[in-house]
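Everything on this sheet refers to the single structure shown next.
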Amino acid sequence: MLLIGSHVGFNSKDQLVGSLNQALSYGANTFMFYTGAPQNTIRSKINDKLTKEALEIMNKNNIELTNIIVHAPYIINLANNKEDDKYNFSIRFLKEEIGRCKQIGIKYLVLHPGSHVGVGVEDGLKSIIFAINQVNKTNDSVIVLLETMAGKGTELGTNFEQLKTIIDGVVDKDKIGICMDTCHLNDAGFDVSNFDKILDEFDSIIGLNYLHCIHINDSKNPIGAHKDRHENIGYGTIGFNNLINIIYNERLDNIPKILETPWIGDYPPYKEEIEMIKNKEFNSKLK
Ligand code: FE
Ligand code: FE
Ligand code: ZN
């Protein structure tokens, strides 16, 4: 089944009900949200009554909670342990975020592996592994999905070998997985026009059974630019047909696919983009 949706908001007043209603208005059957603003760590308490209300609406609309994704905030950086307070803060915040996911019943939490900021790739990967194992001591249900990154600055997770190293180091293999991002793959140097080749490589290095989410974004930049600037579907260097081929690749069936494309002015374009994807027809009037 095609699971297609977008990033949606999550406000303290309506919480999951608000996010769900937004997703439904876009014609989505999955969605992703941050439990607060992505740039900060101010979070309100999860309201179980609202969660229950949302679950009832989901039931009526054949949306499964296990297909809903949470994204951890960007300021968590597990890849640099040189400053104790920052590193410990990241670990503590990730623990709390996992707690919120568990309370809602969320299965998948997407996490940027982190930037090593000078300590080097090897030590950066080690500090990520230590942090995740630390966090997993109190995690019995949430699967942390490491996102494939564009390679901006000193970002880690820009190739499958690095991600495999992290997975190898994580003790509890049931609590770790991968989220691919088409813009990030392109910017990291992968040619996403031949996605089967990428999936073959992924399968032989990591294993396709670890892949649980895909971010569907076009890119503003050419292959290997290491930039990470998302573009609307069909308006970037990846192009509409390549993205459609990825979305409908049979090997990726039943994996939630999430749009994180930019708003057009103050307008979220997700209804129109989801329509394009369902119709397999490019809408050249979107912008
Ligand atoms: Fe991300
Ligand atoms: Fe992403
Ligand atoms: Zn990105």
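When a ligand or atom number is given, it counts from 1 through the structure's own listing order.
When you scan the N, O or S atoms of Asp181 for the one nearest the Fe ion (ligand 2), you land on OD2. For Glu260, the N, O or S atom closest to the Fe ion (ligand 2) goes by the atom name OE1. When you scan the N, O or S atoms of His184 for the one nearest the Zn ion (ligand 3), you land on NE2. Of all the N, O or S atoms in Glu147, the one closest to the Fe ion (ligand 1) is OE1.
Salt-bridge annotation for Asp140 and Lys175: absent, with no side-chain N of the basic residue lying under 4.0 Å from a carboxylate O of the acidic one. For the pair Lys164 and Asp168, the salt-bridge criterion is met [side-chain N within less than 4.0 Å of a carboxylate O]. Ion pairing between Lys271 and Glu275 holds under the 4.0 Å rule for side-chain N and carboxylate O. Between Asp200 and Arg251 there is a salt bridge, since at least one side-chain N of the basic residue sits less than 4.0 Å from a carboxylate O of the acidic one.
In summary, Asp228 places an N/O/S atom under 2.8 Å from the Zn ion (ligand 3), meeting the contact criterion. For residue His215, no N/O/S atom approaches the Fe ion (ligand 1) to within less than 2.8 Å. At a cut-off of 2.8 Å, His71 is counted among the residues with an N, O or S atom near the Fe ion (ligand 1). Because the distance cut-off is set at 2.8 Å, His215 fails to qualify as a neighbour of the Zn ion (ligand 3), as none of its N, O or S atoms comes that close. Taking backbone and side chain together, Cys183 holds no N, O or S atom under 2.8 Å from the Zn ion (ligand 3).
Taking each heavy atom of Val170 and Ile132 in turn, the nearest pair found is CG2-CG2, 3.9 Å.
Using cut-offs of 30° and 60° for the angle between ring planes, the His184 and His230 rings count as tilted.
Within the 6.0 Å centre-distance limit, the rings of His112 and Tyr74 are counted as a close aromatic pair.
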